[in-house]
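Notes for the one structure printed next.
In what follows, every heavy atom counts, from backbone to side chain, and hydrogens, waters and symmetry copies are set aside.
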Amino acid sequence: MSEVTQVPDLMPVMPEIILALGAMALLMIGVFGGKSITHLVFGLAMGLLAGTGLVMLFLPTLGVTFGGSFVADEFSYFMKLLVLTGSFFAIAMSWAYAKSQSFDKFEYPVLILLATLGMMLMLSANDMIALYLGLELQSLALYVVAAINRDSVRSTEAGLKYFVLGALSSGMLLYGMSLVYGFTGQVGFEQIAGVLAQEGASLGLVVGMVFILAGLAFKISAVPFHMWTPDVYEGAPTPVTAFLAAAPKVAAMGMTLRIVIDGFSPVTHEWQQVIVFVSIASMALGAFAAIGQTNIKRLMAYSSIGHMGYALVGLAAGTPAGVEGVIFYMTAYLAMTLGVFACILSMRRKDGMVEDIYELSGLSRTNLPMAVILAMLLWSLAGIPPFVGFFGKWFVFSAAVEAGLYPLAVIGVLTSVVGCYYYLRIIKVMFFDEPAEKFDAMPMELRVVLGLSGAFIVLFAIMPGPIVSAAETAAGSLF
């Protein structure tokens, strides 16, 4: 008697299906339409991301499907909306750059869509195999995007470095997964947690878990697996850097939260030590290494490393409050990063893009609105009230204190103070130095992104309720 094959419930995975089919359709449009319709592909890609987000907002379907490999819960929905937002604005900010810098390749928005699809699959992965498939779909698209400007030696070098080190991290991740499977006999996160609750952590499983955490640390560019970040941020085209700094970081942090909380919660003490070390190292390196940087993209790379360290403070707590803090921190980080890169993309003159911090000299006298909003974003990144960055650090440090991790919280505060220096240096250059040559007029799409980012970091202090409650609900679904 033949077995009846049960068709999986496709409603929880409908946003991913829409995005996958849309990306394939845009690829065909680009291939057969040629270069003349590149900007149409850009627009349709943004429309597809917006449509996918609207489907998730107004037709949410929670559940588990594909034999437990895919889970759609409040956590994955919230993080996916952040990823879609980051990808949408990354494509929007690329529009003017594409027109002026011979960057108008239809493959770029299609690759962004495929990377976003991989991120969404990562966030809903409920076992190690599904997680790896989503991770590689994202990573392979990002390797190509980083090197998409084939006429630039810097871009090609950035893509090659990213690919080689990414392959190394994927190997470490796979090796760790194989060890965990070997010592538990399970690939599903819930099943792994069940085995660990009964049998505890053997030495082999701890080694496998450390390899997994090492692979994940590469994806969020945490120390000591951060070495690719400054070179790739500096070498990749600026719109690509803006994308790499935003959505993939949110997805990788969400993936880390799920595998650690869902899969390894019975052995919290073992992984907590690794997370604490990585967090301290990332905060320290991000604070001190950025001090001497004059290239603003490279400075943002070290800033990103530091911010991933701050986010990991909440994860180290291992509590619902800590996870809520991480989710909120990544929301704030996404808004701040997109705003800063909108300004960086506006550092353009007739002879091309500039990246040196001192090119911002006297910006307050040549473009006061941009200078004021950029200053607010930098204050927020530094964690100074009343901006949203302060509340992000408050949440994660409070969770660490409640969990008894006092040294970690103290080190976080001290490195935040050190980090203030390089943010305030840019503000000093903009407001107190003699004006440099004026930048070209800021394109409308960059003005919109900068305005929305500035409004978010300021208005959060007035209306914190919706974001905080959404982060609390998302965190609650993991426990």
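- With contacts defined as side-chain heavy-atom distances shorter than 4.5 Å, the pair Ile212/Phe264 qualifies.
- Here the side chains of Ile327 and Leu257 are in contact, with some heavy-atom distance below 4.5 Å.
- Taking all atoms of both residues into account, the shortest heavy-atom contact from Val449 to Ala342 is CG1-CB, 4.1 Å.
- Aromatic ring pairs are classed by plane angle as parallel below 30°, tilted from 30° to 60° and perpendicular above 60°; the pair Tyr162 and Tyr143 is perpendicular.
- Of the possible donor and acceptor atoms, one in the side chain of Tyr77 sits under 3.5 Å from a partner among the backbone N and O of Thr61.
- Between Phe211 and Tyr175, the angle of the ring planes goes over 60°, which puts this pair in the perpendicular group of the 30/60° scheme.
- Smallest separation of non-hydrogen atoms from Ala316 and Leu408: CB-CD2, 3.8 Å.
- Between Ala409 and Val401, the closest heavy-atom pair is CB-CG2, 3.8 Å.
- Between the side chain of Thr241 and the main chain of Tyr233, a donor-acceptor pair closer than 3.5 Å is present.
- Distance CD1/Ile384 to NZ/Lys393: 8.5 Å, rounded to 0.5 Å.
- Panel note: side chain Ser380, backbone Gly389; a donor-acceptor pair is recorded below 3.5 Å.
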Open item on the list: Go through it in stages, so that I can follow the logic: the residues are Met128 and Leu173, the test is side-chain contact (heavy atoms from CB on, under 4.5 Å), and I'd like the CA-CA distance, side-chain angles, deciding distance and then a yes or no.
Closed with: CA-CA 10 Å; Met128 293 189 292; Leu173 190 68; over 6 Å; no
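- With hydrogens and angles left out, the side-chain atoms of Glu136 and Ser170 include a donor and acceptor closer than 3.5 Å.
- Among residues at least two apart or in separate chains, there is no ring-ring contact (aromatic ring centres under 6.0 Å, His included) pair with a member in residues 177-206.
- Interatomic distance, CE of Met24 versus CG of Leu19, reported as 9.5 Å (0.5 Å rounding).
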Open item on the list: One pair to check against ring pair (Phe, Tyr, Trp, His ring centres under 6.0 Å): Phe218 and Trp228. What are the steps and the verdict?
Closed with: CA-CA 9 Å; Phe218 175 91; Trp228 62 273; 5.4 Å; yes
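- Ser94 places a side-chain N or O within 3.5 Å of a backbone atom of Ala90 that can act as its donor or acceptor partner.
- With hydrogens and angles disregarded, a donor-acceptor distance shorter than 3.5 Å links the side chain of Ser87 to the backbone of Val83.
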Open item on the list: I'd like to know whether Leu121 forms a side-chain contact (heavy atoms from CB on, under 4.5 Å) with Leu135, so could you lay out the CA-CA distance, the side-chain angles of the two residues, the decisive distance to 0.1 Å, and finally the verdict.
Closed with: CA-CA 8 Å; Leu121 293 173; Leu135 180 66; over 6 Å; no
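- Within the 4.5 Å cutoff, the side chain of Met255 has heavy atoms near those of the Leu131 side chain.
- Residue-environment remark: CG (Leu54) exceeds the threshold of 12 foreign heavy atoms within 6.0 Å.
- Thr184 places a side-chain N or O within donor-acceptor distance of the main-chain N or O of Val180, the cut-off being under 3.5 Å.
- Atom-to-atom distance recorded for Leu196:CG and Thr268:OG1 is 10.0 Å, nearest 0.5 angstrom.
- Once rounded to the nearest 0.5 Å, the distance linking CG of Leu338 with CG of Leu452 reads 10.0 Å.
- If you check the side chains of Tyr329 and His307, you find a donor sitting under 3.5 Å from an acceptor.
- Using a 4.5 Å cut-off on side-chain heavy atoms (C-beta onward), Leu117 and Leu113 make no contact.
- Within a 6.0 Å sphere centred on CD of Glu445, other residues, nucleotides and ligands contribute more than 12 heavy atoms.
- Taking the side chain as every heavy atom from C-beta outward, Ile467 and Phe456 approach each other to under 4.5 Å.
- For the atom pair Leu57 CG and Thr52 OG1, the distance stands at 11.0 Å (nearest 0.5 Å).
- Using a 3.5 Å distance cut-off with no hydrogens or angles, the side chains of Ser221 and Lys249 do pair a donor with an acceptor.
- Under the 4.5 Å side-chain criterion, counting only non-hydrogen atoms from C-beta, Met122 is not in contact with Leu137.
- Nearest heavy atom pair, residue Ala115 against residue Leu142, reads CB-CD2, 4.0 Å.
- Judged by distance alone, with hydrogens and angles left aside, the side-chain atoms of Ser124 form a donor-acceptor pair with the main-chain N or O of Val71 at under 3.5 Å.
- Note: Phe397 and Tyr310 have perpendicular aromatic rings, judged against thresholds of 30 and 60 degrees for the angle between ring planes.
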Open item on the list: One pair to check against side-chain contact (heavy atoms from CB on, under 4.5 Å): Met253 and Leu312. What are the steps and the verdict?
Closed with: CA-CA 9 Å; Met253 186 61 73; Leu312 288 174; 4.0 Å; yes
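- In this structure, the side chains of Leu27 and Phe106 come closer than 4.5 Å at one or more pairs of heavy atoms.
- Using the six-membered ring where Trp is involved, Phe66 and Phe70 have ring planes that are perpendicular, over 60° apart on the 30 and 60° scheme.
- Thr156 places no side-chain N or O within donor-acceptor distance of the main-chain N or O of Ala147, the cut-off being under 3.5 Å.
- Of the possible polar contacts, none joining the Ser69 side chain to the Thr65 backbone as a donor-acceptor pair under 3.5 Å is found.
- Scanning all heavy atoms of the two residues, the minimum distance from Leu478 to Asp262 falls at O-OD1, 3.4 Å.
- In terms of heavy-atom proximity, Leu377 sits nearest to Ser453 at CD2-OG, 3.2 Å.
- Between the side chains of Ser304 and Tyr333, at least one donor N or O lies within less than 3.5 Å of an accepting N or O.
- Crowding of Trp95 atom CH2: a count of heavy atoms from other residues, nucleotides or ligands under 6.0 Å exceeding 12.
- The distance from the NE2 atom of His226 to the CG atom of Leu165 is 11.0 Å, given to the nearest 0.5 Å.
- Ion pair Lys297/Asp231 not flagged as a salt bridge, since none of the NZ, NE, NH1 or NH2 atoms sits closer than 4.0 Å to an Asp/Glu carboxylate oxygen.
- Not a single donor-acceptor pair under 3.5 Å links the side chain of Ser76 to the backbone N or O of Ala72.
- Outside the 6.0 Å centre-distance limit, the rings of Phe328 and Phe78 are not counted as a close aromatic pair.
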Task: Full working for side-chain contact (heavy atoms from CB on, under 4.5 Å) between Leu26 and Ile29 - done: CA-CA 5 Å; Leu26 289 183; Ile29 291 173; 4.1 Å; yes
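- Lys219 and Ser139 share a donor-acceptor pair across their side chains, judged by distance under 3.5 Å alone.
- Contact of the Met28 side chain with the Val110 side chain is not registered, since no non-hydrogen atoms from C-beta on lie closer than 4.5 Å.
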